[in-house]
Amino acid sequence: MIGIAKRHLQSVRRRDFLAGAALIDGRWVTKVSTDTVVDPATEEDIAEVSRCSARDVNLAVTSAETAFGSWRALLPATRGAILRSWARLMLEHSDDLAVLVTSEQGKPLSESRHEITYGAGFLDWFAAEGERAYGETIPSHKPGSLLQVRMQPIGVSAAITPWNFPVAMITRKAGAALAAGCPIIVKPAPETPLSALAVARLAEEAGVPPGVFQVLVGDPIELSASLLEDTRIRALSFTGSTQVGRLLLEGSAATVKKVSLELGGHAPFLVFDDVDLRKTVRGVMAAKFATSGQDCLAANRIYVQRRIYSDFIDSFAAAISKLRVGHGLDATTDIGPMTKAAVANKCRAQISDAAAKGARVFSPKLGDELGVNFVAPTLLSDVTEEMLIAHEETFGPVAAVLPFDSEEEVVARANANEMGLAGYVYTDNLRRALRLSEQLECGMIGINTASFTGPPIPFGGWKQSGLGREGSRHGLAEYMELKYVCFGDLTG
Ligand code: NAD
């Protein structure tokens with residue numbers, strides 16, 4: 001594996017994607033101090049990126065403020081045309097972008113390619129949705145008056161994004177902000193700056209004006225503090241852990257920013273005894289092992305009804321034993337390394353805890369020996385609610401299966417968690433599916449499917465999984481203010 005990322009990066013056609021410069025005020029800024037980007041599979045240094053400071057945040061906000069007036073004044077269709085060009089350029093350069101994502105994030109190359117298509121989709125979708133930021137006319141409660149509600153862009157916005165979807169989490173936020181008429185400043189995760197900076201190159205090429213889309217890489221605490229305290233930033237969108245989300249929410253209070261948070265998940269995956277086992281196992285494999293398990297939608301608690309429990313475990317174990325662990329740039333890989341050592345360590349701690357408390361551990365393939373960031377796909381059966389994995393998000397390729405008896409019992413157990421991002425129900429009983437879609441306390445539910453995200457849907461969670469929504473018309477509204485206007489004395 002040694003050297004594989006470097007070799008692939010050498011073959012990236014767009015050499016400027018590797019320049020490591022930040023995009024501030026329409027200029028590519030190179031700094032003397034840099035941060036090193038690491039291939040998580042081999043722990044080799046693969047690139048250097050300029051480290052921005054609080055001063056750069058100030059410059060970026062000033063530039064965004066200046067750009068706001070002319071960007072919001074464009075016709076939505078004109079902004080949409082620029083977003084569409086940006087999406088097209090992403091697709092044109094998807095091979096290069098995918099190599100960057102896999103080299104710094106670790107996921108298999110096919111998944112990185114999919115992320116580029118998924119990410120470009122948000123730009124395309126919001127290009128059109130910006131034209132539909134309709135207001136309302138309210139039947140008047142005042143004689144001789146006309147009551148209007150308008151949607152107007154909120155102003156300069158900021159995005160703090162994670163490393164698990166380093167491209168799509170940027171375009172999901174930027175597509176909405178730019179379509180709404182707002183400039184946005186992005187602070188990507190320090191683990192995955194290359195793909196963020198490459199996407200910024202394409203934004204510039206697509207005609208996004210200076211100051212409208214800017215990317216600054218650097219110390220998360222320093223840069224976030226500057227973004228939070230700046231009164232000129234009106235909206236903040238964050239994707240990441242609940243722990244950091246809480247800090248950002250608290251930090252936004254002083255300047256009363258509009259905050260949207262996409263935080264951690266702990267998805268329950270409910271399997272009833274009337275299902276088609278083959279289709280269900282296909283679903284649970286996707287819901288658990290996509291992005292090597294580093295997905296906030298990942299099935300974290302797989303509840304299986306007792307009558308089919310042992311058949312399910314056998315089929316699930318057989319499917320898991322076919323997963324191949326390796327470098328994401330190796331075409332045969334299904335499960336890459338964890339992007340951060342902390343994630344791999346958390347997986348190992350959850351496995352040991354479950355084993356010590358009586359879970360059965362099935363881990364068919366070696367993988368851990370490939371490096372410290374690798375975790376072999378693992379099946380934990382007979383998991384109980386007392387085990388760490390039953391109440392703490394995993395974010396890795398470890399599947400926890402828990403038996404249940406009745407519908408009432410499993411709903412109560414599924415809801416007994418502070419997270420409420422996604423939930424899955426597999427059943428052939430329509431009435432039950434309808435009941436559960438109503439009763440589960442999550443922002444998104446897949447009934448007999450593990451695949452439900454995309455630009456038109458309101459992505460977001462209940463409880464401590466977040467605030468607000470991304471994608472869909474609700475995602476556009478996060479970057480807009482309502483304005484009520486009363487025209488009086490019309491009979492006059
Ligand atoms: P994280 O919260 O540590 O990092 C996310 C972002 O926050 C990064 O840009 C990071 O640099 C920044 N950050 C970290 N510490 C900060 C601080 N003190 N102040 C300001 N910014 C800070 O999360 P992570 O460990 O990188 O990612 C894993 C978590 O993110 C998981 O819990 C997962 O569920 C969640 N996540 C949620 C979604 C979603 O859509 N709901 C998507 C992806 C990841």
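Source: prediction; values computed, not measured. Just follow the structure's listing: the first ligand is 1, and inside any ligand the first atom is 1.
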Practice task
Pull out every atom of ligand 1 sitting under 4.0 Å from any heavy atom of Arg172, numbered as shown with elements.
Solution key: 40 (O)

Fill in the blank from the handout: Between Thr239 and the options Arg172, Glu262, Lys173, the side chain to side chain donor-acceptor pair (under 3.5 Å) test singles out Lys173

Problem - Numbered atoms and elements of ligand 1 in range of Leu263, under 4.0 angstrom, heavy atoms - result: 34 (O), 37 (C), 38 (C), 39 (C), 41 (N)

Exercise for the section: Just jot down the ligand 1 atoms closer than 4.0 angstrom to any heavy atom of Glu393, in number order. Expected result: 31 (C), 32 (O), 33 (C), 34 (O)

Handout entry: For Ile160, atoms of ligand 1 separated by under 4.0 Å from a heavy atom
Key = 6 (C), 7 (O), 9 (O), 12 (C)

Problem - Contact atoms of ligand 1, heavy-atom distance to Glu262 under 4.0 Å - result: 37 (C), 38 (C), 39 (C), 40 (O), 41 (N)

Fill in the blank from the handout: Only one of Asp39, Thr333, Thr42 passes side chain to side chain donor-acceptor pair (under 3.5 Å) with His327, and that residue is Asp39

Handout entry: Atoms in ligand 1 with a heavy atom of Ala189 nearer than 4.0 Å
Key = 8 (C), 9 (O)

Exercise for the section: Measure the acute angle between the ring planes of Phe289 and Phe316, then classify it against the limits of 30° and 60° as parallel, tilted or perpendicular. Expected result: tilted

Problem - Side-chain donor/acceptor of Glu115 to backbone N/O of Val167, under 3.5 Å - result: yes

Fill in the blank from the handout: So the atoms of ligand 1 within less than 4.0 Å of a heavy atom of Thr239 turn out to be 5 (C), 37 (C), 38 (C), 39 (C), 40 (O), 42 (C), 43 (C)

Completion exercise
The atoms of ligand 1 lying under 4.0 Å from a heavy atom of Leu421, numbered in the order shown, are 41 (N)

Practice task
Tell me, please: is Gly466 in heavy-atom contact with ligand 1, that is, under 4.0 Å?
Solution key: no

